[in-house]
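The next block holds one structure in the form of structure tokens; read it before the comments.
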2 protein chains.
Amino acid sequence: MESYTMLKFEKSKLHMYERKTPLTIDCGLHLTKEVLNGKWKPAILRAISMEVKRPSEILRLFPGVTRRVLNVQLKELEGHGMVTKKTYPQLPPKVEYSLTEIGWSLMPIIDAMNQWGDANRSFLEKVIKQAPKIGETSKSTCQIYRHMTVASKIG
Amino acid sequence: MESYTMLKFEKSKLHMYERKTPLTIDCGLHLTKEVLNGKWKPAILRAISMEVKRPSEILRLFPGVTRRVLNVQLKELEGHGMVTKKTYPQLPPKVEYSLTEIGWSLMPIIDAMNQWGDANRSFLEKVIKQAPKIGETSKSTCQIYRHMTVASKIG
DNA sequence: CAGAATCCACCAGGATACTG
DNA sequence: CAGTATCCTGGTGGATTCTG
């Protein structure tokens with residue numbers, strides 16, 4: 001087609017053309033994805049929403065996450081206004097995170113993700129294993145359900 | 001609260017308790033995240049759900065995505081069973097993607113993400129810009145709304 | 001227990017060019 | 001128009017160590 005020839009020889013012009021309706025018509029998808037961007041962010045938010053709010057507790061909950069990574073992601077969540085951090089000036093140090101209002105408003109989405117994954121678990125585990133590519137992520141573990149049990153026992 | 005005191009002084013007990021069912025209790029969150037893992041995956045799914053099903057159309061819709069990346073992510077989505085690919089053996093080649101049933105079942109989540117991002121756009125754009133870290137991702141553009149308009153005109 | 005500082009490996013994804 | 005092959009880089013997140 002001619003347009004292809006154009007693309008080859010008049011690339012700059014076409015480029016300009018494309019750029020005419022250029023940018024920043026971001027859809028909300030990307031904003032949300034940005035906030036949830038991080039291997040453990042949704043899980044962390046979910047944990048905090050279930051009263052697992054101390055870093056050490058969260059670490060116990062997710063054996064796969066490092067202290068550094070947890071700190072980084074918590075800091076990002078805090079920077080994005082999804083959680084607030086409360087430090088108790090005592091020894092040993094004690095820190096608690098809580099969801100902000102907007103952080104709470106994220107929970108339906110996270111719950112939906114969780115439910116969808118659970119509902120389709122067998123299928124998903126199969127196809128994800130089949131896929132040669134990123135199938136590694138499945139090594140991440142999540143003990144949140146267990147914690148719920150434990151928590152209910154504690155409570 | 002007493003539960004917290006317990007958590008402090010009988011930590012080891014709690015710890016043991018948690019560790020007893022040690023691992024691989026992946027929660028659905030990670031499965032979902034795996035499927036949606038990719039800078040453009042949700043947007044692509046959304047596009048396909050709105051009858052933007054040809055690669056060239058999708059490319060036009062998202063100026064930020066490359067052909068190669070689009071192909072990769074489409075292939076992953078196909079591998080995960082979220083979309084199916086139909087190739088028309090003709091010249092010029094024509095390809096159409098459609099959502100599978102399970103792919104469709106993902107749309108409520110994607111829509112929710114989209115709505116949440118839109119509903120909190122001003123706040124999110126502010127805090128994401130503030131955050132020194134990953135604020136770059138905002139350069140991604142999304143013309144899906146534009147396309148909707150265009151599509152309605154075309155249709 | 002909380003958290004910061006380094007160092008580092010890996011890969012997602014962008015740029016480019018070519019084929020059918 | 002669709003798809004592949006290379007090459008390259010930036011950033012995420014893992015490991016380790018040290019402080020308060």
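Each chain gets a letter, A, B and so on, in the order its sequence line appears, and its residues count up from 1.
The interatomic distance linking A/L61 (CG) with C/dC1 (C1') rounds to 17 Å, in whole Å. A/N71 places its CG atom 18 Å from the P atom of D/dT19, with the value rounded to the nearest Å. Taking atom CG of residue B/L70 and atom C1' of nucleotide D/dC1, one finds them 12 Å apart after rounding to whole Å. If you measure from atom NZ of B/K86 to atom P of D/dA2, you get 15 Å, rounded to the nearest angstrom. For the pair B/N37 CG and C/dC11 C1', the interatomic distance rounds to 11 Å; values are reported in whole Å. C/dG14 atom C1' lies 8 Å from atom NZ of B/K39, rounded to whole Å. The interatomic distance linking B/L59 (CG) with C/dG14 (C1') rounds to 13 Å, in whole Å. With rounding to whole Å, B/E78 atom CD is found 14 Å from D/dA2 atom P.
When distances run from any side-chain atom of A/T66 to the nucleotides D/dG14, C/dA4, C/dG13, the shortest one goes to D/dG14. Distance from the side chain of B/P55 is smallest to D/dG3 among D/dC1, D/dG3, C/dG14. For A/V69, the listed nucleotide lying nearest its side chain is D/dG13; candidates were D/dG13, C/dA2, D/dA2. The side chain of B/K85 lies closest to D/dG3 when the candidates are D/dG3, C/dA4, C/dA2.
If you take CD1 on A/I48 and CZ on A/R54, they are separated by 13.0 Å, rounding to the nearest 0.5 Å.
Using modelled atom types, one side-chain atom of B/K41 and one backbone atom of B/N37 make a donor-acceptor pair closer than 3.5 Å. Of the possible donor and acceptor atoms, one in the side chain of A/E57 sits under 3.5 Å from a partner among the backbone N and O of A/K53.
Axis angle between the ends of the helix from C/dC1-D/dG20 to C/dG20-D/dC1, five pairs each and rounded to 10 degrees, works out to 40°.
In this structure, B/N71 has no side chain to side chain contact (heavy atoms under 4.5 Å, CB included) partners at least two apart in sequence or on a different chain. Partners of B/S105 by side chain to side chain donor-acceptor pair (under 3.5 Å), not counting sequence neighbours, listed by chain and number: A/W116. For B/K33, there are no salt bridge (charged side-chain N to carboxylate O under 4.0 Å, His left out) partners two or more places apart in sequence or in a different chain. Annotation: side chain to side chain donor-acceptor pair (under 3.5 Å) contacts of B/T100 (sequence neighbours excluded): none.
If you check every strand for non-hydrogen atoms under 4.0 Å, A/P93 touches a base. Contacts of A/R67 with the nucleic acid, taken as non-hydrogen atoms under 4.0 Å apart, include base atoms.
Look at A/R54 and you won't find any side-chain N or O under 4.0 angstrom from OP1 or OP2 of C/dC1. Between A/K75 and C/dG3, a side-chain N or O to OP1/OP2 separation shorter than 4.0 Å is absent. Contact annotation: A/S56 side-chain N/O to C/dA2 OP1/OP2 distance is under 4.0 Å.
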Give every donor-acceptor pair under 3.5 Å between a side-chain atom in residues 87-96 of chain B and any protein atom, sequence neighbours left out.
{"from": "B/Y88", "atom 1": "OH", "to": "B/E96", "atom 2": "OE1", "distance (Å)": "3.3"}

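For the salt bridge (Lys or Arg N to Asp or Glu O under 4.0 Å) condition, the pairs that include at least one residue of residues 102-115 of chain B, sequence neighbours left out, are B/R46-B/D111.
When each of A/L91 and A/G38 is assigned the nucleotide of DNA chain D bearing its nearest heavy atom, the one mapping closer to the 5' terminus is A/G38.
Contact of the B/W40 side chain with the A/H30 side chain is registered, since non-hydrogen atoms from C-beta on lie closer than 4.5 Å.
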Under 3.5 Å between N/O atoms: give me all the protein pairs with nucleotides 5-8 of chain C, atom names plus distance.
{"from": "C/dT6", "atom 1": "O4", "to": "A/R68", "atom 2": "NE", "distance (Å)": "3.2"}

